[in-house]
Amino acid sequence: MNLYKDYLYNKQDFTNYEDLKANFKIRIPENFNFSYDIVDRYAKEAPEKRALVWCDDSGEEHIFTFREISIESQRTANYLTARGIKKGDAVMLILRRRYEFWFFILALHRIGAIAVPATDQLLQKDIEYRNNAAQIKMIVSYDNHIIQAEIEKSLKNSPSVQTLVTVGPARDGWLTYHEEASSCAAEFPRPQGDGATHNEDTMLLYFTSGTSGYPKMVQHNFVYPLGHIVTAKYWQNTVDDGLHLTVAETGWAKAVWGKLYGQWLTGSAVFAYDMTAFKPDTLLKLMSHYKVTTFCAPPTVYRYLVRQDLSKYDLSALQYCVTAGEALNPEIYNKFYEQTGLKMFEAYGQTEATVMVGNFPGMEPKPGSMGKPAPGYDVTIVRPDGTRCAPGETGSIVVSLEKGHPFGLFAGYYHDDDMTNKVFAENTYHTGDTAYYDEDGYIWFVGRDDDIIKSSGYRISPFEVESVLQQHPAVLECAVTGVPDLKRGQAVKASIVLTSGFEPSKKLETELQEYVQKQTALYKKPRIIEFVASLPKTISGKIRRVEIRDNDKKKLA
């Protein structure tokens, strides 16, 4: 049983790209709510259907049916409302890959509250910013003493936060979810009247890094999950009663690309491995043991997998593999294909959207190419004057909104009308990325219009790292850029002008790296530090990061 066809005008499956692009169309339901319309319907019509297969490094395992997911998310909704959470309230979820993430996010959808997933790599300043920007009312976390201590430190500068909840053991100052939720009712009727959710209501907020200022708040509404029909059915090729694994922590948007909406709409169960550290051998053993049928991971993960002898693992259940998050190296594609006989199908999207470009049914993937425009997205590569680029000519990736706002494309930046109007100028969504077509219409990613860094699948704003470095007394000026790195895709580099009285040294380099690591998330730490006499700037005084990157390319050539 699957439900995705109920939301399509043409209830057929598409086997070739041209037919898919021309005829795929989502039907707009009235006041769609994923928790009630999808989860509860499965619970009623196929209660024993497998929804979530979960395990962790300790050997603990849980296999949840849709009936169980429905009950636990309703119980959690009662738990939240009893503690003051109501429609429109923002709740931050820092749960790594804990199974409680599914209970809480679905419960928040039921209430009409705003779910704000976040990574457990954040530190005090990161959390403070998010608390205040989104007016977070409650934070839910797990028994990680580091992140819980950082959350506690953030409270003195976070007046909106009223409640802390832990899904782990009791902790002073925190409510204990499992101990308290067990007494809550297992039925949470769909709210009516003023409490009802509507399609245009904000359902989900993600913080995404930009090149200037702090991370922006991407807001998705209640029909966003339907945009992931394409993600799951026509890119990941999930199958009814299959088991899909997307390697992503729940703090990142990629998690709802591959751990929730589209997979359940297409009838596939989700596999979640709550790992404390990535170990290729362990991941492959679990994929073999649980018979994963479809798999999604960034190229960085595949780089580690192809170093293993894949013939040692029973991957016979694996039918389809996809990748996104950074450009795919053809060498990795070829090695994986040689060992498994499976081709990798690449795609492109953003926190702001679902799959916008991809390799879909009937297409022969070209290693390194993102593919072709997804159904529902009128994607074009354009010059600065808005005219379409010729094959081989690099331009900006834009999405025309002339035919309507695509399902899955975000509603705007929360509480930031200026930025929203800027990216949606002239009835067009400006992605901020650049690419080019080849002669066959395949699209190849080039980079950012701006200076965003993509390292091991993470999006990093230079501003975030620079703002930390500039607090160190040795740093007069700095510019953070990305440099090519075989392991990470890009490595974070800091070009630093020292304050008078400080001299370049290996010791100072290490000190600065450790300083950043203590102030913000580990993945933002500069892997390379270069001490320079001055930074290239425009006449108006703006740092020219593009010149730094160009000079680095020349050094590598």
Side-chain angles (χ1 to χ4, degrees), residues 14-22 24 230-237 246 254 257-258 294-303 305-306 320-338 340-350 353-383 388-400 406 408 431-449 452 454 457 459 482 484-486 488-490:
F14 299 96
T15 58
N16 69 80
Y17 172 71
E18 288 72 21
D19 193 15
L20 173 68
K21 188 70 170 72
F24 178 90
V230 171
T231 305
K233 177 62 182 176
Y234 292 108
W235 174 49
Q236 296 169 345
N237 276 253
T246 282
K254 191 66 183 299
W257 277 48
T294 51
F295 179 63
C296 177
T300 300
V301 169
Y302 283 102
R303 288 189 190 103
L305 296 185
V306 297
Y320 213 86
C321 294
V322 299
T323 187
E326 58 193 77
L328 174 64
N329 187 312
E331 181 184 4
I332 304 301
Y333 175 98
N334 292 329
K335 286 184 177 180
F336 188 78
Y337 180 63
E338 288 169 7
T340 65
L342 295 170
K343 298 175 181 179
M344 277 188 277
F345 290 77
E346 195 171 353
Y348 161 79
Q350 298 177 320
T354 52
V355 171
M356 290 188 278
V357 177
N359 286 276
F360 300 108
M363 291 175 57
E364 182 63 27
K366 295 185 179 184
S369 168
M370 304 188 301
K372 295 183 178 181
Y377 284 92
D378 187 1
V379 176
T380 314
I381 312 299
V382 300
R383 304 181 181 99
R388 181 184 172 97
C389 289
E393 179 185 3
T394 297
S396 298
I397 306 173
V398 300
V399 179
S400 172
T431 68
D433 288 326
T434 57
Y436 66 88
Y437 298 106
D438 66 16
E439 295 290 346
D440 298 318
Y442 283 71
I443 299 174
W444 300 74
F445 185 79
V446 173
R448 290 291 293 174
D449 279 342
I452 205 73
K454 281 192 174 183
R459 286 166 55 88
D485 181 274
L486 290 176
R488 299 178 179 86
Q490 282 187 308

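The figures here come from the full heavy-atom set of this structure, side chains too, leaving out hydrogens, waters and symmetry mates.
The NZ atom of Lys366 lies 3.5 Å from the CG atom of Asp438; values are rounded to the nearest 0.5 Å. Taken from SG in Cys321 to OH in Tyr333, the straight-line distance is 11.0 Å, to the nearest 0.5 Å. Annotation: the span from Lys454 atom NZ to Asp433 atom CG amounts to 6.0 Å, rounded to 0.5 Å. Distance check: Asn359 CG to Met370 CE gives 10.0 Å after rounding to the nearest 0.5 Å. The line from CZ of Phe360 to CG of Asn237 is 10.0 Å long, rounded to the nearest 0.5 Å. Rounding to the nearest 0.5 Å gives a distance of 12.5 Å between NZ of Lys335 and CG of Leu305.
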side-chain contact (heavy atoms from CB on, under 4.5 Å), that's the test. Do Val398 and Thr431 meet it? Break it down for me. CA-CA 6 Å; Val398 300; Thr431 68; 5.9 Å; no
Would Lys343 and Tyr337 satisfy side-chain contact (heavy atoms from CB on, under 4.5 Å), going step by step from the backbone distance to the final call? CA-CA 6 Å; Lys343 298 175 181 179; Tyr337 180 63; 3.7 Å; yes
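In this structure a side-chain-to-backbone donor-acceptor pair under 3.5 Å is missing from Gln236 to Cys296. Distance alone, capped at 3.5 Å, is enough to place a donor-acceptor pair between the Arg383 side chain and the Arg388 backbone. Counting only distance, with no hydrogens or angles, the side chain of Asn334 and the backbone of Ile332 share no donor-acceptor pair below 3.5 Å. One N or O on the side chain of Ser369 and one on the backbone of Ile443 form a donor-acceptor pair closer than 3.5 Å. In this structure, Trp235 contributes its side chain and Phe345 its backbone to a donor-acceptor pair below 3.5 Å. Side-chain N or O atoms of Tyr234 include one that pairs as donor or acceptor with a backbone N or O of Phe14 at under 3.5 Å. At least one donor-acceptor pair closer than 3.5 Å links the side chain of Lys21 to the backbone N or O of Tyr377.
Partners of Ala297 according to the side chain to side chain contact (heavy atoms under 4.5 Å, CB included) rule, which considers only residues two or more places apart in sequence or in another chain, are Val247, Phe295, Val301, Tyr302. Applying the side-chain hydrogen bond (donor to acceptor under 3.5 Å, both in side chains) rule to Glu18 yields no partners; only residues at least two apart in sequence or on another chain are considered.
For Lys233 and Phe24, the positive end is not near the middle of the six-membered ring at less than 6.0 Å and at most 45° from its axis.
Among Thr323, Leu328, Leu342, the one residue that satisfies the side-chain contact (heavy atoms from CB on, under 4.5 Å) test with Phe336 is Leu342.
The two residues Pro299 and Ala324 make their nearest non-hydrogen contact at CD-O, 3.6 Å.
A salt bridge (Lys or Arg N to Asp or Glu O under 4.0 Å) check over residues 369-379, counting only residues at least two apart or in different chains, returns nothing.
In this structure the side chain of Ile381 reaches within 4.5 angstrom of the side chain of Ile397, judged on heavy atoms.
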